[in-house]
Amino acid sequence: MEKLLDMARKVCDQAEIYFCDPTSSEVMFQKGELHDIESQFQSGMALRIIKNGKLGFSYTKNLINREEFLQNALDSLKGGVQALYDFPHTSELPALKTYNQHINEVTSSSMVENCTHIADIFLQNTDAEIELVAYKEVLNLRIINSQGTDLHSKIGSVGYWLGLVYPGGGAGISRVYEEKIPFSISRNILDNLVKMYNDSSKVVTIPGGKMKVLFMPGSMYTLLWRLHSGTSAKSIYEDISPIKNDIGKQIVSEAVNFYDDPLDAEVSAARSFDDEGVPTKKMNIIEKGVLKNFFYDLNYAKKLGAQSTGHGYRSSMWGGDTITMKPGPRLQHPRIEPGEKSFEELVSMMDKGIILDGVMGAHSGNIPNGDYSVGVSPGLYVEKGEIVGRVKDVMVAGNVYDTLKKVVAIENKLHTCWGGRMPAILFDSISVSSK
Amino acid sequence: MLPKLKQILHKADADYADIRYEIKKDTFITLDGKELSNIGSTTTDGYVIRVLKNGGFTSVSFTKEEDAEKALKTAQENAILIGNNIEKPVKLAEVPVIQDTFIPTLKEDPRNISIQEKLELLRHYNDIPLAHDKIAMTNMRYFEMIREKYFISSEGAEIHEDLITTGIGGSIISKEGNLTQNVRVGAGGSDGFYTVRDLDDKFEQRTQIAIDLLKAEPVKAGAYNCILNQGLAGVFAHEAFGHFSEADIVESLPAMRKKMQIGNKLGNDVLSIIDNATMPNQLGFYKYDDEGVAVREVKLLINGVLAGRLHSRRTAQEFVEPISGHCVAEDYRFAPIIRMSTIYIEPREKTLEQLMAELGDGLYILDPKGGQTSGENFTFGAQYGYVVKNGKKYRMIRDINISGNLYQTLQDITAVANDLKLSKTGGCGKGQTNIRSCHGAPHILVKNVVLGGI
């Protein structure tokens, strides 16, 4: 890598190399039985160069020929993509404990053993179709640039995805658990999932209308994607954010504190620098309902006359191979601050309404405008504070900025879920449509 | 390439093994509004090994040649582990052993066109919406993906096939006050650069829709009788029905598998659905899948009766059904999984006007905006629509997302028109992305569809 950087430095103004080598294993159970194990040994490198204010980019899975790799980046300079920013000089970052060597104790066998145990409990206590995934990933991440930055992070994570699928329906109760060290899921958690599944197994029919909806962490990405779009420097620059001029204004309920916490060492995905080598920090985006900040990468910060907030990441809504993507502004560690109610208390506060345990179609609809209209997958129906069954063919719809004004209460803890760590949130008067 | 792969595979201690090596060349150009934000061309490569041993079947992907032995060892260990933990050993359906090289014939090879010309063409299209005041933004991209695939198996298969996909697409965003609306535009295909030429009219039309949507009314939540246009009906064929024709999905859901028995009457008599990768000049075309099986046409639903299913070698054996050649990977990072190729609803005799008359009062909804399935339930968005009264189109509506139940909806499709159209762009995200996922349909009439509104 150093040699390549030296070569690049000689022919351009600035250069940056990003290296990543994920090794992963995934164990899959279907119908409560081991179905497949897949492993990956991947590695790759991406090069960004800046010359005369223009950007060159290339990536490779195998660095066999440095000259050719550099030449690809030089060739792409001709495209004329503007790059008016400078790569940062970053050093002396806090050491985050993102890797624990005990993760080596996690093997395909141990994951199979844990899943077998979980499957047995689910099979004995429910009629659900059991789908389980256990995974382990270890990766080295290194970023070096011509400004003298040399950052490295080793990240190890192990996790479980548990699904209790209603027979024939496809939808089900599902949860994700992730840690940095080997762990097993407590009997208490498994029993709660079993109870939730069994309580909701009966299909009930309801009339549509406005009612309370409890967004579970697994559904929160519906709202998150829209907030992400509204507060991204890219949307501000492109003038498509409906809250572009609202910094300092109350935009949602006072109960909402929405922030990004890359340094949260509770989780393996913690990062002290982003994918451009910019130091990260905890940052409030919405504080007590007031819009405080947008988030920036180097490129859009420069365009908007701001500083990067350490949010330049190589990722997309759909994942993908990081080396093939250029950094863009992304919130990688979003959180909504927990409130004071337990999950049980939240349910008891519902006279009638839906627990939105999962959604379908969060990606369709007018995301820039904040609109969502999602199918329940599943939707648990609550009457007088008790789960009485589940609803089918029902949609929940609204606009994120309107929905977040209708907060009744927020759960008192964070759960790892797709897109971040979130509590469950109870909203009032949400539109629910049904046949 | 093939001799090198043989050397690796030769070391496999297994009942069956195969290896796929791919070189992938991406060319990409992105315009965000007037600004060029990405341009370039890059090559990556990698391997996937699959091993059947001790009744367990597993895969390992890797990028460095020197990791081949480690990958083989891991695959063998995992296969043994699986074999020891499952009741019924995995077997693969027998298939003809193929040795072939297939390089598609292209009308205008994109590799012979300079990136400068590609950029100029993209800019030309992109300028069409940007010339209008009410268009706030565009995100447009040109993409070209060339997969050079080499496959060999311990049974003696040796196949080299190239897949060359070209496309232009993106979104047009209109804005008035705080209201933004967006529509998608796109075209492309599997048989050459000509598929992205002559799109001016299309860009004009889509721009006008984005502008008109600013004045459209949000649809009211509720249940409606609806006519779905070809693009939207194609997404229904894919999302609501198609995924349950994929044997690996049905296999994991026993209750669903029971309902999805070949010969079961599932839908209205007017409904026939086919998957056919072998039709030339369409996005979903390929010759061999990623386990070396020649793909064939599969009639999935004939006059409402389930007639066929999409298979891998493993599931064909498990279901005791004919192999179909539908086990396809996104690229060298993944083992193949079962995918639709070109799925479409077979056209019937009626015209759109006849369907409108049959509808009477209801909605006419058009063009897909993403969809998802979860078991028998599905949801997908439409980009815009119209209120229909007495068989006539009236005011425009927006914010249309529909949700439904597969079995009920198959019954509720009461009329199918004669105007089949296949999609020019695709993208299915079943764990891996399939940019060649193609779907199509004629206009269809569906009763009692739930719309979410906003």
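Proteins get letters first, then strands, A, B, ... in listed order; numbering begins at 1 in each.
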Checklist line | N/O donor-acceptor pair under 3.5 Å between A/Asn366 side chain and B/Thr180 backbone | finding: yes
Item checked: Side-chain (B/Lys64) to main-chain (A/Ser43) donor-acceptor, under 3.5 angstrom -> no
Checklist line | Heavy-atom pair count under 4.5 Å with chain B, highest-scoring of A/Ser109, A/Gly208, A/Ala73 | finding: A/Ser109
Notebook entry, point to check: With only heavy atoms counted, which part of B/Glu251 is less than 4.5 Å from chain A, the side chain, the backbone, both or neither?
Noted result: both
Note to self: Between A/Glu131 and chain B, with a heavy-atom cut-off of 4.5 Å, which part of the residue counts as in contact: side chain, backbone, both or neither?
What the structure shows: side chain
Checklist line | Portion of A/Val396 that has a non-hydrogen atom of chain B nearer than 4.5 angstrom | finding: neither
Checklist line | Whether A/Tyr59 and B/Phe28 hold their rings parallel, tilted or perpendicular, with breakpoints at 30° and 60° | finding: parallel
Margin query: Atom NZ of residue position A/Lys303 - does it have more than 12 heavy atoms of other residues, nucleotides or ligands inside 6.0 Å?
Written below: yes
Check: Highest number of heavy-atom pairs under 4.5 Å with chain B: which of A/Asp75, A/Val27, A/Thr60, A/Ile240?
Finding: A/Ile240
Notebook entry, point to check: Within a strict 4.5 Å, meaning less than it, do heavy atoms of the A/Val374 and B/Thr379 side chains meet?
Noted result: no
Notebook entry, point to check: Under 3.5 Å, is there a donor-acceptor pair between the B/Asn78 and A/Ser39 side chains?
Noted result: yes
Margin query: Quick check for you: among B/Leu36, B/Asn139, B/Ile249, which has the greatest number of heavy-atom pairs under 4.5 Å with chain A?
Written below: B/Leu36
Note to self: Please classify the contact of A/Lys54 with chain B as side chain, backbone, both or neither, using a heavy-atom distance under 4.5 Å.
What the structure shows: neither
Margin query: Looking only at the side chains, is there a donor atom on one of B/Ser252 and A/Glu129 sitting less than 3.5 Å from an acceptor on the other?
Written below: no
Margin query: Which atoms of A/Ser434 are under 4.5 Å from chain B, going by heavy atoms: the side chain, the backbone, both sets, or neither?
Written below: backbone
Next item on the list: Let me know if A/Gln42 has heavy atoms under 4.5 Å from chain B in its side chain, its backbone, both or neither.
Entry: both
Item checked: Partner of A/Ser373 by side chain to side chain contact (heavy atoms under 4.5 Å, CB included), out of B/Ile400, B/Val219, B/Asp399, B/Asn401 -> B/Asn401
Checklist line | Close side-chain approach of A/Tyr237 to B/Asp32, heavy-atom, < 4.5 Å | finding: no
Note to self: So does B/Leu451 get a backbone contact from the side chain of A/Ser433, meaning a donor-acceptor N/O pair under 3.5 Å?
What the structure shows: yes
Margin query: When you measure from the side chain of B/Lys175 to the backbone of A/Asp239, do you find a donor-acceptor pair of N or O atoms at a distance under 3.5 Å?
Written below: yes
Item checked: Side chain A/Asn62, main chain B/Thr63, donor-acceptor under 3.5 Å -> yes
Notebook entry, point to check: Do you know which of A/Ile243, A/Thr23, A/Ile37, A/Ile430 has the most heavy-atom pairs with chain B at a distance under 4.5 angstrom?
Noted result: A/Ile37
Checklist line | Contact class of A/Lys244 relative to chain B, heavy atoms under 4.5 angstrom | finding: neither
Checklist line | B/Lys25, NZ: over 12 other non-hydrogen atoms inside 6.0 angstrom | finding: no
Next item on the list: List the steps and the verdict of side-chain contact (heavy atoms from CB on, under 4.5 Å) for B/Phe380 and A/Met360.
Entry: CA-CA 8 Å; B/Phe380 49 89; A/Met360 276 187 297; over 6 Å; no
Item checked: Which of A/Pro378, A/Gly361, A/Gly56 touches chain B most, by non-hydrogen pairs under 4.5 Å -> A/Gly361
Next item on the list: Output all residues satisfying salt bridge (charged side-chain N to carboxylate O under 4.0 Å, His left out) with B/Arg184, sequence neighbours left out; order by chain, then residue number.
Entry: none
